[in-house]
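Below is one structure, written out as structure tokens; comments come after it.
The model shown is predicted, which means the values in this text are computed figures rather than measured ones. Note on naming: letters A, B, ... go to the chains in the order of the sequence lines (proteins, then strands), and numbering restarts at 1 for each one.
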There are 2 protein chains.
Amino acid sequence: MSNRRKNELVDPKEVPKAVVSRLSLYLRELQHLRLNESTVSSGTLGQKLGFSDAQVRRDLAYFGHFGQPGVGYRIDELIDAIRRILGTDRKWRVAMVGVGNLGRALLGYRGFSSQGFTIVAAFDVDSSKVGRLVEGVQVYSLGELELVVREKQIELGLLAVPGKNAQQAADRLVQAGVSGILNFAPVTLNLPDNVSHIGVDLATELEQLCFSVANRTPED
Amino acid sequence: MSNRRKNELVDPKEVPKAVVSRLSLYLRELQHLRLNESTVSSGTLGQKLGFSDAQVRRDLAYFGHFGQPGVGYRIDELIDAIRRILGTDRKWRVAMVGVGNLGRALLGYRGFSSQGFTIVAAFDVDSSKVGRLVEGVQVYSLGELELVVREKQIELGLLAVPGKNAQQAADRLVQAGVSGILNFAPVTLNLPDNVSHIGVDLATELEQLCFSVANRTPED
DNA sequence: GTTTGTGAAACCTTTCACAGCG
DNA sequence: CGCTGTGAAAGGTTTCACAAAC
């Protein structure tokens with residue numbers, strides 16, 4: 001047996017990045033399974049997501065001994081554990097930068113709040129939007145960004161501005177002290193190492209789909 | 001030297017998936033660089049994206065000999081080559097399923113059309129939306145999905161419906177004959193192997209960001 | 001019986017380092 | 001010179017297969 005106690009975390013640096021991305025998928029699936037079952041085996045969980053049973057067990061074993069031989073994993077317990085690992089076992093305060101089509105849609109998206117994220121302010125250059133509530137969120141001018149981010153202790157930024165303005169807006173978020181940025185603009189941001197960022201480029205995702213459609217073997 | 005001639009493609013099955021995802025990023029960066037330069041080295045291109053020079057060269061070499069020693073890569077030529085590889089050197093006809101917040105935002109997103117994707121129809125259950133134009137796209141009832149997809153020869157579907165309706169809507173797209181689905185609903189779809197699909201879960205992305213913020217080493 | 005956790009093997013991806021080309 | 005393309009090495013990830021646990 002490992003010298004790690006149950007639920008004790010390993011150094012996150014030795015956890016493969018691919019494992020972390022699957023953790024979110026496990027969490028999502030477990031939240032559905034919880035409605036009907038109280039335990040699940042690695043085989044069943046893997047099957048729902050298209051992974052092997054061995055992969056599920058290996059992934060979870062990075063973080064502790066969550067399973068019971070002959071039984072499987074207790075769903076509630078595993079959900080709590082994964083949320084602790086991901087850091088979503090508490091609320092995160094988030095800012096939206098850019099209240100165009102996409103920004104507005106994201107402000108109204110219920111999936112964020114259900115996972116512990118609260119959008120507490122939005123920013124836009126368009127003065128006709130400033131001062132209004134959009135999807136229940138107050139819109140401020142970009143000039144107020146630093147002040148509001150500090151005042152409301154915002155930790156994460158969602159960036160939904162046009163590509164040409166994205167780097168500048170990101171710099172301001174960094175300046176204001178956020179710890180992470182989720183970037184929807186189709187550009188690669190250049191940021192200091194002490195700020196995490198992830199890019200989500202919708203056109204890029206569609207290109208990947210395209211490739212896989214165009215290169216499918218005929219007999220598939 | 002390889003026995004592959006310039007621009008000749010290898011069997012796509014032997015190309016790592018990670019390489020394909022970087023191809024989209026190379027393309028995006030090259031489209032910016034083209035405005036100021038006519039050639040670029042692997043080092044420069046890699047630096048913009050945070051990849052090593054060796055990785056850029058290795059990735060591109062899967063598909064042919066695009067570079068010139070001592071000079072680098074001709075940007076226009078490389079853009080054309082990557083578009084051919086991804087399959088975006090032609091127009092793709094796309095349907096939007098779900099015209100809620102996110103669906104509407106995606107209908108108005110200019111980034112799709114600039115990369116060769118044309119949204120030619122939208123579908124929604126809400127009868128107050130059916131028959132209207134949203135962002136210039138005609139909205140049909142879900143009942144018309146199969147007919148319209150066939151008539152307009154739609155190849156790809158964007159799925160932006162609530163999670164509980166996603167599998168059913170995806171089944172209908174498959175039934176209607178689409179080749180690929182980009183799924184924004186927070187569920188894992190179960191689809192036949194002859195239909196490609198990619199999931200984009202916005203809450204999941206935010207969780208990944210969270211993890212990387214929460215687990216950053218103090219001295220970073 | 002079922003299912004976990006994990007060494008060991010297999011497989012996959014990135015980096016190194018340099019011959020060879022322009 | 002500078003830069004590519006690529007063998008070989010290093011590093012990372014997944015699968016196999018089975019002893020141990022229930």
Side-chain angles (χ1 to χ4, degrees), chain A residues 1-23 25-26 30 33 37-75 77-78 81-82, chain B residues 1-23 25-26 30 33 37-75 77-78 81-82:
Chain A
M1 174 178 166
S2 154
N3 60 356
R4 248 181 278 142
R5 280 175 301 108
K6 182 170 176 180
N7 293 2
E8 185 173 345
L9 305 189
V10 299
D11 178 352
K13 292 196 123 167
E14 65 185 63
V15 178
K17 204 159 166 288
V19 172
V20 180
S21 73
R22 285 191 295 268
L23 241 33
L25 301 179
Y26 296 145
L30 289 164
L33 286 169
E37 307 289 338
S38 68
T39 66
V40 68
S41 69
S42 57
T44 303
L45 181 54
Q47 197 163 28
K48 300 265 182 197
L49 294 163
F51 306 140
S52 72
D53 57 339
Q55 176 140 75
V56 173
R57 291 197 302 277
R58 178 72 77 189
D59 284 350
L60 297 177
Y62 275 104
F63 305 99
H65 293 215
F66 299 113
Q68 270 189 279
V71 178
Y73 298 86
R74 290 219 27 245
I75 293 177
E77 205 176 82
L78 192 50
I82 294 178
Chain B
M1 174 181 167
S2 155
N3 60 356
R4 251 181 275 139
R5 283 174 299 108
K6 181 171 177 179
N7 292 3
E8 185 174 344
L9 305 189
V10 298
D11 178 352
K13 293 195 122 165
E14 64 184 65
V15 177
K17 202 156 167 290
V19 172
V20 180
S21 74
R22 284 190 297 268
L23 240 32
L25 300 179
Y26 296 146
L30 289 164
L33 286 169
E37 306 290 338
S38 67
T39 65
V40 67
S41 69
S42 58
T44 304
L45 181 54
Q47 198 163 29
K48 300 266 182 195
L49 294 164
F51 306 141
S52 71
D53 57 339
Q55 177 142 76
V56 173
R57 292 197 301 279
R58 179 73 77 191
D59 285 350
L60 298 177
Y62 275 103
F63 305 99
H65 292 214
F66 299 114
Q68 269 189 280
V71 178
Y73 299 85
R74 291 222 22 247
I75 293 176
E77 205 177 82
L78 192 49
I82 294 177

Residue pair Tyr26(A) / Val56(A): nearest heavy atoms and the distance that separates them: OH-CA, 3.5 Å

Short side-chain N/O contact to dT14(D) OP1/OP2 from Arg22(A), under 4.0 Å: yes

Separation of dC3(D) atom C1' from Gln47(B) atom CD, nearest Å, is 15 Å

Atom pair distance, as rounded to whole Å: OH in Tyr62(B) and P in dT4(D): 17 Å

So if I take residues 49-56 of chain B and measure heavy-atom distances to DNA chain D, which residues fall below 4.0 Å? none

Minimum heavy-atom separation for Leu30(B) to Ile75(B), with atom names? O-CG2, 3.7 Å

Is Leu25(A) close to Phe51(A) at the side-chain level, that is, under 4.5 Å between some pair of heavy atoms? yes

Using side-chain heavy atoms (C-beta onward) and a distance below 4.5 Å, is Tyr73(A) in contact with Glu77(A)? no

How long is the gap from OG on Ser41(A) to CD on Gln68(A), to the nearest 0.5 Å? 13.0 Å

If you compare all heavy atoms of Ala81(A) against all heavy atoms of Phe66(A), which two are closest, and at what distance to 0.1 Å? CB-CE2, 3.5 Å

Anything under 3.5 Å between a protein N or O and an N or O of nucleotides 20-22 of chain D, put it in a table, one pair a line.
residue: dC22(D); atom: O4'; partner: Pro69(A); partner atom: O; Å: 3.3

Answer whether the closest heavy-atom distance between the side chains of Glu37(A) and Thr44(A) falls below 4.5 Å. no

Within less than 4.0 Å of OP1 or OP2 of dG5(C), is there a side-chain N or O belonging to Tyr73(A)? yes

Between atom CZ in Phe66(A) and atom P in dG5(C), what is the gap in whole Å? 9 Å

Is His65(B) close enough to dC21(C) that one of its side-chain N or O atoms is under 4.0 Å from OP1 or OP2 there? no

Taken to the nearest 0.5 Å, the spacing of Arg57(B) CZ from Ser52(B) OG works out to 8.0 Å

Rounded to the nearest 0.5 Å, what separation is found between the CG atom of Leu60(B) and the CD atom of Gln55(B)? 10.0 Å

How many Å lie between CG on Asp59(A) and P on dT6(C), as a whole number? 13 Å

Determine: side-chain N/O of Arg57(B) to OP1/OP2 of dG5(D), distance under 4.0 Å, yes or no. no

Applying side-chain contact (heavy atoms from CB on, under 4.5 Å) to Lys48(A) and Leu33(A), what does each step give before you reach the verdict? CA-CA 10 Å; Lys48(A) 300 265 182 197; Leu33(A) 286 169; 3.8 Å; yes

Using the 3.5 Å cut-off, write out each protein N or O paired with an N or O of nucleotides 8-12 of chain C and the distance between them.
residue: dA8(C); atom: N6; partner: Arg58(A); partner atom: NH2; Å: 2.9

Nearest-0.5 Å distance that lies between atom CG in Leu45(A) and atom OG1 in Thr39(A): 11.5 Å

Spacing of CZ belonging to Phe63(A) relative to CG belonging to Leu78(A), to within rounding of 0.5 Å: 11.0 Å

Listed nucleotide nearest any side-chain atom of Ala61(B), set dT14(D), dT3(C), dT6(D): dT6(D)

Separation of atom CZ in Arg74(B) from atom P in dT4(D), rounded to whole Å: 15 Å

Atom-to-atom span, CG of Leu60(B) to P of dC3(D) - whole angstrom: 16 Å

Rounded to whole Å, how long is the line connecting atom CG of Leu78(A) with atom P of dT4(C)? 11 Å

